[in-house]
Amino acid sequence: MDELHELYLPCPRGLEAALAAELAEIGSTTLRVGEPAASGVAARGTFDDVLRLNLHSRIASRVLLRVGRGSVADADDVYRLASRLRWERWFDARRTLRVDISAERSSLESLHFAALRAKDGICDHFRALGQPRPDVDREHPDVRVHLHLNADSALLYLDTSGEALFKRGWRAQHGEAPLKENLAAGLLRLAGWTPDAVLFDPLCGAGTLAIEAAQIACGVAPGATRAFGFERLRGFDAHRWQQLRADAAARRRAPPAPLFAADIDPRMVQLTRDNAQRAGVLDALQLRQGDVMDAQPPLTLAPDQRGHLVTNPPYAERIVAKGSEADDFLPRLGDVLKQRFAGWNAALLLADLHAERALRLKAARRHVVYNGAIECRLFTFALVAGRPPRKIA
Ligand SMILES: C[S@@+](CC[C@H](N)C(=O)[O-])C[C@H]1O[C@@H](n2cnc3c(N)ncnc32)[C@H](O)[C@@H]1O
C-alpha cells in the first residue's frame, strides 16, 4: 500500500500552475508534486494519495497511474509494451475495458490503431495467463487504460478516476455554453478569490463558477458523492475510502463570506438553483434575475472585506441584447465595472483577446487559458476605489 507510483494529472491548458499549487495544498507526507508540464502535472504518491487526489482535486481532469513506459516506433511496439505489463496486478480479466489515447508530437500514423493495439496487448496478456480476454465496453467500462504517445515513447496508465473529474455529479442539464467544473475552479484560483472574499457572478448561466466557489467555501469535497474508477481496481480498500469520505464530510462548514449569482434569463437562474441544490450548496448562494447592465454591488464591502466579480460573459453572438447593443456589450460592461464596482476585483474570461480595448479597462493580469479548444484570456482588474482605472486610449 505504501508503494510509490508515478502519477500524471491532466488539466485544462493554462491551469497547470494552479493545479500544482492545489496539489501541494491537498498534500500528504508521501505525495511529491512535480513541475507543471504542458496540460498537466506529474506527481509521485501512494495508492492512498490517489484516492485523496481524486476526492479533493478541483482542477485536475483525471488522476492517471503509470503502469509502464517504453520506446515505440510503431503500433506493434505499443502492442509489445502493453502485452508485457502485469495488468493482473490491477484488475481481473472479467472486467470490461476501454483504452483512451492522447498524443504529443507522435510519429505514429493512426492513433486509433495504436489504441487498438494497446487493447490487444492487454487482452493477449491475460490470455497468455490462461485467463479470458477482457471485453471492451466503450460506454461503461469497469477499467479505463490511458495510452499517451510522445515523439518516440509510449506511456500506459490506469485511469483511476473513471469518468472525468469535472463531472462532479450535480449537473443534470447544460445551460448555454457551461464552463467545465474544473476550469471554473481554476479560474477562481487565478482570479485570486479565496473563501473569505465576497463573490459575485452577474452572468452565471448554469451557475458553474458560483457553485464551485460555494463548494470551496463550504469545504465540500468535489468528489464527495460520485463513483471512481479506482473502486474497480484490485487492492481498493473500501473501508479506507469510507474513512476518507467521512473525514471530508466532517470539514463541511458555513461559507465565511456571501456568494451571489445572477443572470438575465430566468431559466438560467432556475437552472443554477437546481444545480446548486444537487451540489448541496443552495443555502450558500444568493441568486437573482437581472441584467448585468443594471447590476449594483450586492453589498457594500466592509473596509476589511474583499469583493470579487468573476464571470464568463457570453460570446458576441449569444449576448441577450438587440442589434447594436450586442456590439456595445463590452464597452457598457466596462462602464458598469468602473462606475459601480470601485473597490472590487473583477476577472472576466473572454475569447476576445483584445477585450481590454472594448472594455476600456487595463488588466492587471492576463492569464492564457483554454476553454476546450478555444484560446481565451482571464483578464483580472483591480477596480481601485476613488480612482477610476486607467483607460485605454
Ligand atoms: C457564457 S454563459 C455563462 C456560462 C456560465 N459560466 C456557466 O458555466 O454556465 C453567459 C450567460 O450570460 C447571460 N447573459 C447574457 N446577457 C446578459 C445580460 N445582459 N445580463 C445578465 N446576464 C446575461 C446568458 O443568459 C448566459 O447564461
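Remember, predicted model here, so these are calculated numbers, not experimental data. Atoms within a ligand are numbered from 1 in the order they appear, just like the ligands themselves. Start at 1 with the first residue, then count along the sequence.
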(request) Answer yes or no for M268: is there a heavy-atom contact with ligand 1 below 4.0 Å? (result) yes
(request) Report yes or no: does G290 have a heavy atom closer than 4.0 Å to ligand 1? (result) yes
Looking only at N/O atoms, are [X] and ligand 1 under 3.5 Å apart anywhere?
X: P178; value: no
X: R171; value: no
X: P314; value: no
X: I264; value: yes

(request) Run the ring-centre check on W90 versus H5 and record whether the distance is less than 6.0 Å. (result) yes
(request) Determine, using ring centers only, whether F228 and W241 are less than 6.0 Å apart. (result) yes
(request) Report the part of A184 (side chain from C-beta onward, or backbone N, CA, C, O) that has a heavy atom under 4.0 Å from ligand 1; answer both or neither where that applies. (result) neither
(request) Would you indicate which of L349, D265, N312, V336 comes nearest to atom 10 (C) of ligand 1 when only heavy atoms are counted? (result) N312
(request) Pick whichever of L187, D263, D201, T311 has a heavy atom sitting closest to atom 13 (C) of ligand 1. (result) D263
State whether a side-chain donor-acceptor pair under 3.5 Å links [X] with [Y].
X: R267; Y: Q270; value: no
X: R144; Y: S161; value: no
X: D135; Y: T96; value: no

Could you tell me which atoms of ligand 1, counted from 1 in the order shown, lie closer than 4.0 angstrom to a heavy atom of [X]?
X: D291; result: 18 (C), 19 (N), 20 (N)
X: P202; result: 21 (C), 22 (N)
X: A206; result: 7 (C), 9 (O)
X: G205; result: 9 (O), 27 (O)
X: L179; result: 6 (N), 7 (C), 8 (O)
X: C204; result: 5 (C), 7 (C), 9 (O)
X: V292; result: 18 (C), 19 (N), 20 (N), 21 (C)

(message) Classify the ring geometry of F236 against F230: parallel below 30°, tilted from 30° to 60°, perpendicular beyond 60°.
(response) tilted
(message) Over 60° means perpendicular and under 30° means parallel, so tell me whether F91 and F126 are parallel, tilted or perpendicular.
(response) tilted
(request) Would you mind listing the cluster partners of L116? Hydrophobic ones only (ILVMFWY), side-chain contacts under 4.5 Å, chaining allowed. (result) F113
(message) Using only atom types and a distance under 3.5 Å, with no angle test, would you say the side chain of E16 pairs donor to acceptor with the backbone of G14?
(response) yes
(request) Report the residues that fulfil salt bridge (Lys or Arg N to Asp or Glu O under 4.0 Å) with D294, sequence neighbours left out, ordered by chain and then residue number. (result) none
